[in-house]
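Following: one structure in structure tokens, then a few remarks.
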Amino acid sequence: MTVQSDIKTLQHFINGQWTDASDGETFEVLNPLDDSLYAYGAKGSRDDMQAAVAAAKAAFREYKETTPTQRERWLLRVAELMEERQKELIDCLIDEIGSPIQKAMFEFTKGLTMIRAAAGMCRNVRGETIPSDAPGKFSMSIREPLGVVAVITPFNVPLIKTTRLVANALAVGNTVVHLPSEMAPHLTLIFAEIIAKAGFPDGTYNVVTGLGHEIGDDLTGHKDVDFVTFTGSSVVGQHINEICARNKTPATLELGGKSPTLIMADADLEKTMPLVARSIFMFGGQACIGSSRFYVERPIFDEFVKRFSMIAGKVGMGDLRDPNTVIAPIISDRQRQRVKDHIADAVAKGATVAAGGAFVGNRCQPTLLTGVTEEMTVCRAETFGPVTSIYPIDSYEEGLAKANDTEYGLSSAIFTKDIDRAFHFARNIGAGMCHINGPTIHDEAHVPFGGNGESGVGREGTDADMEAMTELKWVTVQL
Ligand code: NAD
């Protein structure tokens, strides 16, 4: 990475070398707070992607023979180096994607956990012995790494996604080619410096930056890519799924959401309100697991809307380096327009804005909508901003049915004192994750994280990634 005046010029990281794009092309990375130029990224080409996959394939031959102790040591060193470079990582999360420091710190600490949990995986890549019907035959399964893993990450939680997926792939013996979001390349390149310094051999981790819609297919459709892990929008996920199906490349897809929260009349609102605010406003609502639908039992509906509106009016929208700031700028012009369109469409069709509703600079105020109906876009589509709809329900059964009336199925939550009802919800909600008396936004390194339907295929997390990123081989010995 080189710095020209104040503006950084970023490069790819391929086979342990920093390189410009093969044709010298660059693209602009903007600070979303004020659209000022943050960096020039290397605009990757098909040739760059080919070089990265070739490097990862060549490195795999030796890397797969490394011992668990060696990989564990490298990963633990990555965590130490991240701690040494904490300020730089945090500054990057603030200035490159507009993370308030509170969210940047959350990502940083989560990222460290992801790396350390991955280090623990190295010793757990296990098969089993299997009884055999054949006399004198000893039968077993062994677990082997797949080869080259393509990691594709979104802009909103680049450090969490990078640390989790790259570290899990490396922990079990795969090599990696990473295509980070074109809106967050720098963060990933700092991580690449850390990986190299920690001692991972050349070619085990490669980063090609650029425009996903131009070079993504060169990665996901590459014959030498053995696994794809994609996090991003459902539209791009569908496209990647089709490519992977054609090539029989296994993949996990972590996509968008429209996560519901049920608030039952017996919920303790004192405890519930701070948690529900956390479920939608963090990072300005740009979280896949944010709750964009609240179903509230009618006896407490008015009180809930009143309290939620008061909280929404007080959510911090100040300096990104102020620990009280929660609301981030919306990442891009296109995405800002989408948020504005969703609010305007709802208002035009009769919804009431109970709080917020307007933009201040590139930030959208925390926005609560009531009176939302089926024909409004915001009812079903992912907004990806600090906007949520609150619907009254007359019974738990109605709430469950409405919560399930969606193409998405990522996170979900219910607030109630009734444990039977809470578990009924957990068992019957069509989502990959359910939190009882907790916000939809929750993640840990070792849990099965992921969704159903339009929200994706497969799960992430140490155990889930180990299964997905390795293959069982059956081996017998005739004694
Ligand atoms: P996006 O789909 O626009 O981009 C994600 C990544 O895909 C980027 O790296 C981009 O360069 C790449 N890409 C684009 N076209 C491609 C192609 N043809 N082939 C391969 N890669 C391609 O998403 P985004 O705007 O960065 O992120 C927001 C979305 O991500 C939201 O929908 C959000 O819900 C989702 N998300 C999901 C999770 C989850 O775990 N389920 C987590 C975070 C974000």
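None of these values were measured; they are calculated from a predicted model. We count ligands from 1, going down the list as the structure has it; atoms in each ligand are counted the same way.
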May I ask you to check whether Phe106 and Phe283 place their ring centers less than 6.0 Å from one another? no
Can you check whether Tyr205 and Phe200 have ring centres sitting under 6.0 Å from each other? no
Lys NZ or Arg CZ of [X] over [Y] ring: under 6.0 Å, within 45°:
X: Lys402; Y: Tyr391; answer: no
X: Lys8; Y: Tyr38; answer: yes
X: Arg164; Y: Phe449; answer: yes

Would you say the side-chain atoms of [X] pair up with the backbone N or O of [Y], donor to acceptor, closer than 3.5 Å?
X: Asn206; Y: Asn15; answer: yes
X: Asp34; Y: Ser36; answer: yes
X: Ser411; Y: Thr440; answer: yes
X: Ser259; Y: Ser291; answer: no

Identify, for [atom], the protein heavy atom at the shortest distance, and state residue, atom and that distance.
atom: atom 24 (P) of ligand 1; answer: Phe155 CD2, 3.7 Å
atom: atom 10 (C) of ligand 1; answer: Glu182 OE1, 3.4 Å
atom: atom 31 (C) of ligand 1; answer: Glu382 OE1, 3.5 Å
atom: atom 42 (C) of ligand 1; answer: Cys288 SG, 3.0 Å

Looking only at N/O atoms, are [X] and ligand 1 under 3.5 Å apart anywhere?
X: Leu255; answer: yes
X: Ser234; answer: no
X: Ser181; answer: yes
X: Val236; answer: no
X: Thr231; answer: no
X: Asn156; answer: no
X: Thr220; answer: no
X: Thr153; answer: yes

State whether any protein heavy atom lies less than 4.0 Å from atom 36 (N) of ligand 1. yes
Ligand 1 contacted by Gln335 (non-hydrogen, < 4.0 Å): no
